[in-house]
Asker: 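First the structure, then my questions, so here it is.
Start at 1 and go down the list; that is how both ligands and their atoms are numbered. Numbers for residues simply follow the sequence, beginning at 1.
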Amino acid sequence: MTPWFDPSLVFVGGAWRPCASGETLPVIDPSTGVEIARIARGSATDIDAAVTAAEAALSGDWGAMPAFQRGRILARLGQMVLDHIDQLAQMEATDVGKPLTQARNDVIALARYCEFYAGAADKLMGETIPFQPGFTVYTLREPHGVTGHIVPWNYPMQIIGRSVGAALATGNACVLKPAEEACLTALAFADLAHKAGLPPGALNVVPGLGAEAGAALTAHPGIRHISFTGSVATGRRVQAATAENVVPVTLELGGKSPQLVFADADLNAALPFLVNAGIQNAGQTCSASSRILVERSVYAEVCDRMAEAYRALTTGPAMADLRTGPLISARQKGIVERYLAMADPAHILARGQLAPDLPPGGHYIAPALIAGPAPDHPLAQEEIFGPVQIILPFEDEEDAIRIANGTLYGLVASVWSRHGGRQMRLAKRLRAGQVFINNYGAAGGVELPFGGTGLSGHGREKGFEALYAFTTLKTVAAHHG
Ligand code: NAD
């Protein structure tokens with residue numbers, strides 16, 4: 001997989017150029033541990049140049065462009081993404097280590113975000129407000145200005161689609177800092193956006209380290225909004241930095257999302273979701289379902305059936321396109337292994353299988369299903385970010401809610417039950433930004449607002465809701481007598 005652009009450059013003001021320091025960072029293929037490319041080590045100087053280019057775009061063609069025209073560019077971009085599906089999927093699979101089919105799904109999701117926000121661009125409206133006689137009062141939704149986007153390595157294309165897509169649709173100019181572990185598709189996206197007709201400076205991409213390019217972006221006084229997706233620890237730093245400039249921030253952080261399985265559930269329908277939501281992308285998914293809570297009377301049966309499904313899981317290189325690929329890095333593998341070491345070996349119900357002849361430099365872990373640590377055990381409380389699921393029994397609805405809501409996170413939850421009243425009660429009482437009933441994740445749903453509570457963050461992206469987040473509201477009160 002060789003990118004069609006030079007990945008060692010930054011994309012600023014509609015052109016490729018070396019970063020100010022001229023230094024580069026390695027791109028490692030997690031399936032093999034082998035370096036496959038170099039990316040720019042962007043710094044504060046490059047971020048400053050990107051913000052300047054974005055400001056110029058806002059006072060030039062981009063700022064003057066009517067909303068429907070922005071939509072047309074996004075629509076063209078969505079089509080170009082689909083036209084490059086093979087290259088983009090291979091690039092993402094090699095860079096992130098995710099199985100090729102999952103990477104293809106991410107390309108499709110990126111195109112869907114472009115399409116959705118293309119259609120929405122000219123449909124965001126203000127209101128007229130009944131006020132006193134002699135006044136006409138209305139609201140205008142205006143772009144923030146230059147928006148900063150900090151993206152993690154696990155789903156680069158999807159996260160870029162949902163945040164940059166909405167920000168461009170509403171007329172902001174973006175500076176994107178992708179993750180140092182995986183940023184090839186971010187650069188590819190910028191190249192395609194340029195070719196789709198996005199004016200210079202409307203989207204700038206500066207790869208680099210979090211503590212350097214990332215911190216410089218969050219602290220830059222020209223940035224008017226930050227969208228951050230990543231860990232809780234970094235989210236805290238980002239929020240503190242944006243507080244200095246009194247700038248709004250959306251934080252999409254981690255989770256410990258539960259699926260609640262009641263005895264009356266359709267277990268055949270639930271089973272694939274119970275397993276897949278935990279192991280997709282090798283569990284490196286913010287909305288992974290890492291806790292399965294099961295009503296006591298069917299607990300043994302669900303344990304058995306999930307264990308059987310786990311034993312059939314295979315793990316191997318991204319291009320082998322098995323159920324799970326490697327973890328992103330040796331560091332991430334080490335974190336997951338430390339959590340696994342906390343488990344009582346007798347409680348490990350099942351492991352998946354590692355494919356034979358794995359490349360020795362890859363970061364592989366066979367998925368693990370662990371039964372019954374106490375709900376307050378670190379395994380049941382902390383985000384592991386690997387292919388590890390915890391399965392716990394509950395006694396009744398009240399107990400289920402207590403355990404489900406008993407972590408500091410609140411991103412996603414699901415309820416498996418045929419009982420309508422219970423579905424509605426739980427949907428209200430579960431602490432989460434999204435609740436699914438008899439499904440999990442709704443196939444990604446670009447139309448569905450997404451975000452968390454508690455340590456999972458605040459603010460919403462995706463759907464129409466993101467358009468409100470990426471605009472600021474102005475009230476105009478005209479006194480005409
Ligand atoms: P991370 O916080 O280390 O890195 C995320 C991004 O932040 C990267 O681009 C990184 O370079 C940048 N960054 C690091 N330090 C920075 C700083 N001081 N200032 C500004 N930017 C900085 O997270 P990670 O380990 O790459 O990603 C895994 C975490 O992200 C998990 O906790 C996961 O749950 C979370 N995540 C959440 C979502 C969501 O939508 N809620 C999606 C994906 C990942």
Side-chain angles (χ1 to χ4, degrees), residues 25 30 39-44 47 95-96 98 106 109 148-163 175-183 186 205-220 223 226-244 247 249-257 280-290 327-329 331-336 382-386 407-412 432-434 441 444-446 448-462 466:
L25 300 165
I39 53 164
R41 181 173 176 171
S43 63
I47 291 292
D95 206 0
V96 178
K98 64 175 63 186
D106 288 0
H149 304 257
I150 300 178
V151 167
W153 43 262
N154 56 350
Y155 287 85
M157 282 191 286
Q158 293 217 29
I159 295 167
I160 290 167
R162 77 185 188 203
S163 92
V175 179
L176 166 61
K177 209 299 281 175
E180 48 272 46
E181 295 89 346
C183 67
V205 183
V206 180
L209 298 173
E212 297 174 2
L217 180 61
T218 51
H220 198 290
I223 294 292
I226 288 276
S227 161
F228 172 79
T229 304
S231 62
V232 175
T234 310
R236 286 193 174 109
R237 277 188 214 113
V238 169
Q239 182 156 343
T242 53
E244 280 300 314
V247 163
V249 59
T250 300
L251 297 181
E252 302 279 11
L253 310 177
K256 193 72 179 173
S257 298
Q280 180 177 311
N281 204 34
Q284 303 166 116
T285 304
C286 53
S287 55
S289 175
S290 46
L327 299 184
I328 187 74
S329 61
R331 178 178 162 270
Q332 192 67 24
K333 183 178 171 187
I335 292 171
V336 176
E382 295 171 14
E383 183 182 53
I384 298 174
F385 228 54
T407 75
L408 296 175
Y409 292 101
L411 192 55
V412 170
Q434 285 188 328
V446 306
L448 312 182
F450 175 77
T453 62
L455 287 192
S456 295
H458 52 75
R460 295 292 176 265
E461 290 191 341
K462 302 176 64 168

Asker: Closer than 4.0 Å to some heavy atom of K177 - which atoms of ligand 1 meet that?
Answerer: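 Heavy-atom distances to K177 below 4.0 Å select 9 (O), 10 (C), 11 (O).
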
Asker: So, the side chain of E180 versus the backbone of G210: is there a donor-acceptor pair under 3.5 Å, distance only?
Answerer: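 Indeed, once roles are kept as given, a pair shorter than 3.5 Å links the two residues.
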
Asker: Can you name the atoms of ligand 1, numbered from 1 with element, that are less than 4.0 Å from a heavy atom of F228?
Answerer: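 Selected atoms, number and element: 2 (O), 6 (C), 7 (O).
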
Asker: Does some non-hydrogen atom of V232 fall short of 4.0 Å from ligand 1?
Answerer: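 Contact absent.
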
Asker: Does Q332 reach the main-chain N or O of G386 with its side chain, forming a donor-acceptor pair under 3.5 Å?
Answerer: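 Here the side-chain-to-backbone pair does not exist.
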
Asker: Within the 4.5 Å heavy-atom criterion, are P178 and P156 side-chain neighbours or not?
Answerer: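 A side-chain contact under 4.5 Å is absent here.
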
Asker: For ligand 1, is there an N or O atom under 3.5 Å from any N or O atom of F385?
Answerer: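 Between F385 and ligand 1 (N or O atoms, distance only) the closest approach is not under 3.5 Å.
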
Asker: What protein heavy atom sits nearest atom 17 (C) of ligand 1, and how far off is it?
Answerer: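 Ranked first by proximity to atom 17 (C) of ligand 1 is G210 O, 3.4 Å.
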
Asker: Mark up the atoms of ligand 1 that fall under 4.0 Å of a heavy atom belonging to N154, in ascending order.
Answerer: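 So the atoms of ligand 1 that pass are 43 (C), 44 (C).
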
Asker: Is the positively charged end of K98 above the ring of Y155, judged by distance under 6.0 angstrom from the centroid and angle within 45° of the axis?
Answerer: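 Judged by the rule, K98 and Y155 form a cation-pi pair.
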
Asker: Keeping T234 on the side-chain end and S231 on the backbone end, is there a donor-acceptor pair under 3.5 Å?
Answerer: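 No.
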
Asker: Looking only at protein heavy atoms, which one is nearest to atom 12 (C) of ligand 1, and what is the separation?
Answerer: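 Ranked first by proximity to atom 12 (C) of ligand 1 is I150 CG2, 3.6 Å.
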
Asker: Counting from 1, what ligand 1 atoms have a heavy atom of V151 closer than 4.0 Å?
Answerer: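 Numbered from 1, ligand 1 contributes 6 (C), 8 (C), 9 (O).
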
Asker: Short list, please: which atoms of ligand 1 are under 4.0 Å from a heavy atom of I159?
Answerer: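 The atoms of ligand 1 under 4.0 Å from a heavy atom of I159 are 42 (C), 43 (C).
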
Asker: Compare T234, L251, L217 and give the one whose heavy atom is closest to atom 16 (C) of ligand 1.
Answerer: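 Closest candidate by heavy-atom distance is T234.
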
Asker: Check each of R162, H149, E461, E212 against atom 40 (O) of ligand 1 and report the one with the nearest heavy atom.
Answerer: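 It is R162 whose heavy atom sits nearest to atom 40 (O) of ligand 1.
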
Asker: Could you tell me, atom by atom, which parts of ligand 1 come under 4.0 Å of a heavy atom of E252?
Answerer: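 The list of qualifying atoms is 37 (C), 38 (C), 39 (C), 40 (O), 41 (N).
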
Asker: Among all the protein's non-hydrogen atoms, which is closest to atom 10 (C) of ligand 1, and how far away is it?
Answerer: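 Result: E180 OE1, 3.6 Å.
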
Asker: As an exercise, identify every atom of ligand 1 less than 4.0 angstrom from a heavy atom of F450.
Answerer: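 It comes down to these atoms of ligand 1: 40 (O).
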
Asker: At what distance is the nearest protein heavy atom to atom 23 (O) of ligand 1, and which residue and atom is it?
Answerer: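 Ranking protein heavy atoms by distance from atom 23 (O) of ligand 1, first comes S231 N, 3.3 Å.
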
Asker: Looking only at heavy atoms of A233, does any of them come nearer than 4.0 Å to an atom of ligand 1?
Answerer: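 In this structure, A233 fails to qualify as a contact of ligand 1 - no heavy atom is under 4.0 Å.
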
Asker: Are the side chain of Q284 and the backbone N or O of N281 linked by a donor-acceptor pair below 3.5 Å?
Answerer: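 Yes; judged by distance alone, with no hydrogens or angles, the pair exists.
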
Asker: Could you tell me whether a side-chain N or O of D106 sits under 3.5 Å from a main-chain N or O of M157, the two making a donor and an acceptor?
Answerer: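 Pair absent, no side-chain N/O of D106 close to backbone of M157.
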
Asker: For atom 35 (C) of ligand 1, tell me which residue out of C286, G230, G254 has the closest non-hydrogen atom.
Answerer: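 Shortest heavy-atom distance from atom 35 (C) of ligand 1: G230.
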
Asker: Please round to the nearest 0.5 Å and tell me the distance separating atom CD1 of I335 and atom CD1 of I384.
Answerer: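 Result: 11.0 Å between the selected atoms.
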
Asker: Can you tell me the protein heavy atom closest to atom 20 (C) of ligand 1 and the distance?
Answerer: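 Nearest neighbour among protein heavy atoms for atom 20 (C) of ligand 1, to 0.1 Å: G214 C, 3.2 Å.
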
Asker: Salt-bridge test for K256 and E383: reply yes if a basic N is under 4.0 Å from a carboxylate O, no otherwise.
Answerer: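 Looking at E383 together with K256, the answer is no, because their closest N to O distance does not fall below 4.0 Å.
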
Asker: Considering only heavy atoms of P178, which atoms of ligand 1 have at least one such atom less than 4.0 Å away?
Answerer: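 This gives 9 (O) as the contact atoms.
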
Asker: Please determine if T229 has a nitrogen or oxygen closer than 3.5 Å to a nitrogen or oxygen of ligand 1.
Answerer: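 Among all N and O atoms of T229, none is under 3.5 Å from an N or O of ligand 1.
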
Asker: Exactly one of V232, L251, L411, V412 should register a side chain to side chain contact (heavy atoms under 4.5 Å, CB included) with S456. Which one does?
Answerer: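 Answer after filtering V232, L251, L411, V412: L411.
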
Asker: Can you check whether V238 has an N/O within less than 3.5 Å of an N/O in ligand 1?
Answerer: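 For ligand 1, there is no N or O atom that lies under 3.5 Å from one belonging to V238.
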
Asker: Polar contacts were defined as any N/O atom of the residue lying under 3.5 Å from an N/O atom of the ligand; does this apply to R237 and ligand 1?
Answerer: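 Among all N and O atoms of R237, none is under 3.5 Å from an N or O of ligand 1.
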
Asker: Using distance alone, decide if ligand 1 has a nitrogen or oxygen within less than 3.5 Å of any nitrogen or oxygen in E383.
Answerer: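 N/O-N/O distance below 3.5 Å exists for this pair.
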
Asker: So, is W153 polar-close to ligand 1, with some N/O to N/O distance under 3.5 Å?
Answerer: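 Such a contact does occur with ligand 1.
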
Asker: Does any non-hydrogen side-chain atom of L455 lie less than 4.5 Å from one of L253?
Answerer: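 No, their side chains stay 4.5 Å or more apart.
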
Asker: Between T285 and Q280 (side chain of the first, backbone of the second, donor and acceptor by atom type, cut-off under 3.5 Å), is there such a pair?
Answerer: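 Between the backbone of Q280 and the side chain of T285 there is a qualifying donor-acceptor contact (under 3.5 Å).
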
Asker: For T407, what residues pass the side-chain hydrogen bond (donor to acceptor under 3.5 Å, both in side chains) criterion, not counting sequence neighbours?
Answerer: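 Scan of T407 (side-chain hydrogen bond (donor to acceptor under 3.5 Å, both in side chains), adjacent residues dropped) gives none.
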
Asker: Quick check: does any side chain N or O of R460 sit under 3.5 Å from a backbone N or O of G452, one acting as donor and the other as acceptor?
Answerer: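 Answer holds: yes.
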
Asker: Between K177 (side chain) and V205 (backbone), is there a donor-acceptor pair under 3.5 Å?
Answerer: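 Not a single qualifying donor-acceptor pair exists.
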
Asker: Can you tell me which residue and heavy atom of the protein come closest to atom 41 (N) of ligand 1, and the distance to 0.1 Å?
Answerer: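 Looking only at protein heavy atoms, the one closest to atom 41 (N) of ligand 1 is L253 O, 2.5 Å.
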
